[in-house]
Amino acid sequence: MCDHTVRRHTRLGLSAAMRLFGLTGRALRYYEELGLIEARRDRRNTRYYDAAARERLGWIAPLRAVGVPVTAIRAVLDGDAATRSVQAVAVLEGRHEEMLALLASIDVVLANLRARPVIDAQSH
């Protein structure tokens, strides 16, 4: 998420946040329940996201999109803001290694399935 896009909005409502970050309303409320973000309320009790929440959502959305667990995202967000990028890179490198291992396992299963003889269902 580009910083200038996130900072451009002074107040971002739920539906606008959903569009901007590619998240569902349920996901936004879930991150709020977990304490990852804080939604403000206006005088009509309508939820909106201030600059701090939008900055945090700018980290949460892309990390969740690639399957990073919420606990790892919390560690990134709770760390020092100056080293947040370094922490995120370390988390993503770990996720990358997990995915490579999963792909290797899939390759083995696929090779085994392709090596099996084809059995004609009508002959049984």
Side-chain angles (χ1 to χ4, degrees):
M1 176 64 50
C2 297
D3 273 351
H4 69 279
T5 303
V6 172
R7 281 188 255 131
R8 185 179 70 211
H9 304 280
T10 56
R11 290 174 41 142
L12 195 64
L14 181 69
S15 60
M18 290 167 53
R19 283 190 305 274
L20 182 62
F21 294 103
L23 298 168
T24 64
R26 184 175 181 181
L28 288 166
R29 288 186 293 275
Y30 177 65
Y31 301 142
E32 190 178 342
E33 286 174 24
L34 293 176
L36 294 177
I37 59 170
E38 183 179 342
R40 304 282 185 196
R41 298 287 181 149
D42 64 15
R43 65 180 179 270
R44 291 177 290 178
N45 202 32
T46 302
R47 176 185 273 115
Y48 71 93
Y49 301 96
D50 63 10
R54 293 191 311 269
E55 193 269 332
R56 291 174 74 86
L57 284 167
W59 287 97
I60 294 168
L63 293 173
R64 284 299 297 147
V66 295
V68 174
V70 172
T71 53
I73 293 172
R74 180 182 303 281
V76 169
L77 293 174
D78 289 348
D80 183 73
T83 61
R84 196 166 282 157
S85 291
V86 174
Q87 293 167 315
V89 166
V91 166
L92 286 171
E93 286 174 343
R95 181 72 177 140
H96 185 256
E97 291 301 316
E98 291 170 7
M99 298 308 316
L100 288 176
L102 179 60
L103 283 172
S105 297
I106 290 171
D107 287 343
V108 169
V109 172
L110 264 174
N112 288 337
L113 288 173
R114 287 179 176 147
R116 288 184 179 179
V118 176
I119 299 173
D120 184 6
Q122 293 180 352
S123 66
H124 291 280

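Keep in mind that the numbers below use all heavy atoms, side chains included, and drop hydrogens, waters and symmetry copies. Nothing here was measured: the structure is a model prediction, and the numbers come from that model. Counting from 1, the numbers follow the sequence of the chain as shown.
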Colleague: Just verifying a value: how many Å separate E32 CD and R47 CZ, rounded to the nearest 0.5 Å?
Modeller: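 Rounded to the nearest 0.5 Å, the CD-CZ separation comes to 4.5 Å.
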Colleague: Is any side-chain heavy atom of R11 less than 4.5 Å from a side-chain heavy atom of D42?
Modeller: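 Answer yes - side chains close enough.
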Colleague: If hydrophobic clusters are built by linking Ile, Leu, Val, Met, Phe, Trp and Tyr wherever their side-chain heavy atoms come under 4.5 Å apart, do Y30 and Y48 end up in the same one?
Modeller: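 No, separate clusters.
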Colleague: Identify whether the distance between the nearest side-chain nitrogen and carboxylate oxygen of E98 and R95 falls below 4.0 Å.
Modeller: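 Yes, E98 and R95 are salt-bridged.
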Colleague: Between G13 and Y49, which heavy-atom pair has the shortest distance, and what is it?
Modeller: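 Minimum heavy-atom contact is O-CD1, 4.2 Å.
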Colleague: Which donor-acceptor pairs under 3.5 Å do side chains of residues 67-74 form with protein atoms, sequence neighbours excluded?
Modeller:
residue, atom, partner, partner atom, Å
R74, NH1, L34, O, 3.3
R74, NH2, L34, O, 2.7

Colleague: If you look at every heavy atom in L28 and M18, which pair is closest and at what distance?
Modeller: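 Smallest heavy-atom distance, with atoms named: CD1-CG, 3.6 Å.
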Colleague: Can you tell if the side chain of L12 reaches within under 4.5 Å of the side chain of F21, non-hydrogen atoms only?
Modeller: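 They are in contact (side-chain heavy atoms under 4.5 Å apart), so the answer is yes.
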Colleague: I'd like to know if the side chain of T24 and the backbone of A27 have a donor-acceptor N/O pair within less than 3.5 Å.
Modeller: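 Pair found, side chain donor or acceptor close to backbone of A27.
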Colleague: What heavy-atom pair brings R64 and Y31 nearest, and what distance separates the two atoms?
Modeller: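 Scanning both residues completely, I find the closest heavy atoms to be CG-OH, 3.2 Å.
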Colleague: Tell me, please, which residues at least two apart from D50 pass side-chain hydrogen bond (donor to acceptor under 3.5 Å, both in side chains).
Modeller: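 Result, side-chain hydrogen bond (donor to acceptor under 3.5 Å, both in side chains) vs D50: R40.
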Colleague: Applying side-chain contact (heavy atoms from CB on, under 4.5 Å), run through V66 and M99 and close with a yes or a no.
Modeller: CA-CA 10 Å; V66 295; M99 298 308 316; over 6 Å; no
Colleague: Are L110 and L102 grouped together when hydrophobic residues (ILVMFWY) are joined by side-chain heavy atoms under 4.5 angstrom apart?
Modeller: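 Same cluster: L110 reaches L102 through Ile, Leu, Val, Met, Phe, Trp or Tyr contacts under 4.5 Å.
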Colleague: Can you see which heavy atom on G25 is nearest to which on L14, and at what distance?
Modeller: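 That would be CA-CD1, 4.3 Å.
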Colleague: Are there more than 12 heavy atoms of other residues, nucleotides or ligands under 6.0 Å from atom CZ of R41?
Modeller: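 It does: R41 CZ has more than 12 such atoms within range.
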Colleague: A side-chain contact here means heavy atoms from C-beta on lying under 4.5 Å apart; do V76 and I60 qualify?
Modeller: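 Sidechains of I60 and V76: no contact.
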Colleague: Looking at R84 and G79, what are the two nearest heavy atoms and their distance?
Modeller: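 In terms of heavy atoms, the two residues are closest at NH2-O, 3.5 Å.
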Colleague: Please name all residues satisfying side-chain contact (heavy atoms from CB on, under 4.5 Å) with R56, sequence neighbours left out, ordered by chain then number.
Modeller: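 In terms of side-chain contact (heavy atoms from CB on, under 4.5 Å), with neighbours along the sequence ignored, R56 is linked to I37, L77, D78.
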